[in-house]
Each structure stands twice: as C-alpha cells, then as structure tokens.
2 protein chains.
Amino acid sequence: MSESSPPKRAELPAEPTQASRFSKARTAQSGALMEDYVELISDLIGEGGEARPTDIARRLGVSHPTAIKTISRLKREGLAVAKPYRGVFLTEAGENLAERVRARHRVVVDLLLAVGVPAEAAEQDAEGIEHHVSDTTLVAFGRFLQRGR
Amino acid sequence: MSESSPPKRAELPAEPTQASRFSKARTAQSGALMEDYVELISDLIGEGGEARPTDIARRLGVSHPTAIKTISRLKREGLAVAKPYRGVFLTEAGENLAERVRARHRVVVDLLLAVGVPAEAAEQDAEGIEHHVSDTTLVAFGRFLQRGR
DNA sequence: CTTGAAATGTAGCCAAGGCTACATCTTCTA
DNA sequence: TAGAAGATGTAGCCTTGGCTACATTTCAAG
C-alpha cells in the first residue's frame, strides 16, 4: 500500500490516549459489582456471623435470583465459597479484596467530606465513585487528608 | 398474617437506605455511556465540523459496530440525529447534555488536581468518576475550588 | 413429627454493550 | 469515469446484570 497518499478527509490523530482512558473507565466499572458484593458479604458476616443470599439481595436492592447468580460468579472467580442452602463465605482472596475495598471507601468518603460535600451526598456518591479511584489517586487523597488534620 | 411471631433468625433491619444507594450508583452508571458519546460528538463537531461513527469508535476505543449501535440508542432517546452515511449531529437536548457533561468533567478534573492528584491520573480517573458526581457534590466541588483560589 | 412459611435455587426472559464477519455505499484518485 | 479503499451498515453471537415465575429445601412451631 502506497504511503504517499494524503489523508482523504479530516484525519484525526487517532489518540490512543483518550481511547484507553475510556476503556479503562469501562473495565473498572465491570469489577465494581464484585467489589460491592464482597464488601457486603464481609460486613454481613461481621454483623451477624453469616451472609445469606436473601440479606445480600435486600441490602443491594436486587432480587434474590440476581444475587444468587452474582454469587455464582464470585465462586467462579475464587472470591467466595458456598454450599447449597448454607451461607456464603469469602475465600482468602475475597477477604483481602473486601479489606481493600473497605479502606478505599473510607478514604473516598472522608475526602468528599473534607472538601465540603454534605454527609448524605458523600455516602451516596462514594458508592459509585470509589470504583473508579486508582491507586495513584487514592494515595493523593490520603496525603490530602493527612495535610488537612 | 400474625404480627406476633418473633423473628426466626437474625432479622436485619432491611435498610432501604443502603439499597437505594447501590441502586442509584448502578443507574447512574447506565447513563454514563450516553454521556460519553454525547460529549465526544459535540467535541468532534467542534473540532472538525462533523462526527463520523468511525472517529467516534476510534476515540472511544470500541469497534465501529458498537459505536453505531449506541448511536441508534442516542437517536432513539432523542439526543442525536443522523441520516445513513451522513454524520451524526446532536439535538437541542443532546447539546444541552453535552454542555453539562463537559462542565462537570472540568470541575471534577480541577478538584482532583486541587487535592493533589497527578495530572495523568486526574484525567484518567475523572472519566469514570464524573458520572457518579451528583449535583450536590458538584456544587460542593465548585465551592471548594472557589475557596482555594 | 408434621407442616407451612421463608429461604434457596432453577429456568428462561430481557436490554445493554461488547465483538467478528460480511455486505453495501461513497468518494478519491488515477 | 471506473475502481479500490475506506466508511458505513447489518447480522448474529457473547457476557453481564437485571427480572419473574416456579420448584425445592430448611427449619421452627405447633
């Protein structure tokens, strides 16, 4: 193919940068649900000693079959274990993930509060925001909070 | 049904609050793609006078059929218009949305920078975060930035 | 020890958002 | 002005994350 032919039309520079930004945002969003489940299961076990699909569904605001289906994926990905009609439990990997998610959630909420977001909105928005906060940003948030106190 | 029967098991308080938080986070994420498309289309038209599906696909990092399918949804929802083999254009509603999204994006990036997030990470993360920033939080961000300068 | 309510699980449906493969249209250029 | 290249569009498939409807299992009262 001849390299000499000039661009036919506008020819934008392709910008792989922007494309990868969008891709990454979408990919991040994919694991978000898993993170929510894992964190919630960990919380439920902490609160009442067990995590039942029905409680998970209720807390997440979804139907119980939806919860059960997602729990299957959790099992498939090695984050949880569950035997039929018994509760759900986290694997080592699941617990680790839960702890990381919990820590990140705290930092995000604290940061929102620190910049003046009302408590209610901070909790609300953090639920969505946290899944898109990279490690780099998380560290920056931490430093900012440190400075502030 | 007899109200007298005591709870059989743990009986958690149902917490509609938390459930609705999660639900809202998921719903927000649903419109995210539409917002990205609308903003990008607006940008492309601004840059080169037209928005072609191929360019949209490239900038978003998806295949062109995916872009085309999403553009159909944009049309279906009254945000864009397009005639076959001609470019894509925004309706009044689409333009308005684009402007709001653009403004919000700026504020989010600025806030991240203001709290010390490195530029690269700020741009990267803002792409995902912005879709979960409520009006309340946006206003708070604005005030914080105001104070800072 | 029976039994019925609540929990759990299964089947099958839907829309969104991806993809590849293939078909068709436009447009630039030789 | 005829081709070929590139843009556009269509078909069909996949996974995720929802749902409802129905079947099965547990378990606490009676």
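Order of the sequence lines sets the chain letters (A, B, ...), proteins ahead of strands, with each chain counted from 1. Fair warning: this is a prediction, and the values are worked out from it, not measured in the lab. FYI, side chains are in, hydrogens and waters are out, and symmetry mates aren't considered; it's all heavy atoms of this structure.
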task: Following the transitive rule for hydrophobic clusters with a side-chain heavy-atom cut-off under 4.5 Å over Ile, Leu, Val, Met, Phe, Trp and Tyr, establish whether A/Leu60 and A/Ile68 coincide in one cluster.
output: no

query: Tell me: CZ of A/Arg52 to P of C/dA7, nearest whole Å?
result: 6 Å

Distance in angstrom units between B/Tyr85 OH and D/dA5 C1', rounded: 15 Å

field: Atom-pair distance (NZ on A/Lys75; P on C/dT8), nearest Å
entry: 12 Å

- request: Using heavy atoms to find the nearest nucleotide of DNA chain C for B/Thr66 and B/Glu77 separately, return the residue whose nucleotide is more 5′.
  value: B/Glu77

- prompt: Does the side chain of A/Thr137 come under 3.5 Å of the side chain of A/Ser134 through a donor N or O and an acceptor N or O?
  reply: yes

field: Nucleotide C/dA7, atom P - distance to CZ of A/Arg58 in whole Å
entry: 7 Å

message: Reading DNA chain D from 5' onward, which residue's closest nucleotide shows up sooner: A/Gly61 or B/Thr54?
response: B/Thr54

statement: Whichever of B/Ala51 and A/Pro84 has the more 5' nearest nucleotide on DNA chain D, that residue is B/Ala51

message: Can you measure B/Arg86 atom CZ to D/dG9 atom C1' for me and round it to whole angstrom units?
response: 14 Å

- request: Take the protein atom CE of B/Met34 and the nucleotide atom C1' of C/dA16, then report the distance between them rounded to whole Å.
  value: 8 Å

message: I want to verify a distance call: between C/dA11, D/dG9, C/dT8, whose nearest atom is closest to the B/Pro53 side chain?
response: D/dG9

message: How many whole angstroms separate atom CD1 of A/Ile71 from atom P of C/dT8?
response: 9 Å

- request: Starting from P on C/dA7, measure out to CG on A/Leu44 and report it in whole angstrom.
  value: 14 Å

Check: A/Gly78 main-chain N/O paired with A/Thr91 side-chain donor or acceptor under 3.5 Å: yes

- prompt: Where the side chain of B/Arg104 meets the backbone of B/Glu130, is there a donor-acceptor pair that is under 3.5 Å apart?
  reply: yes

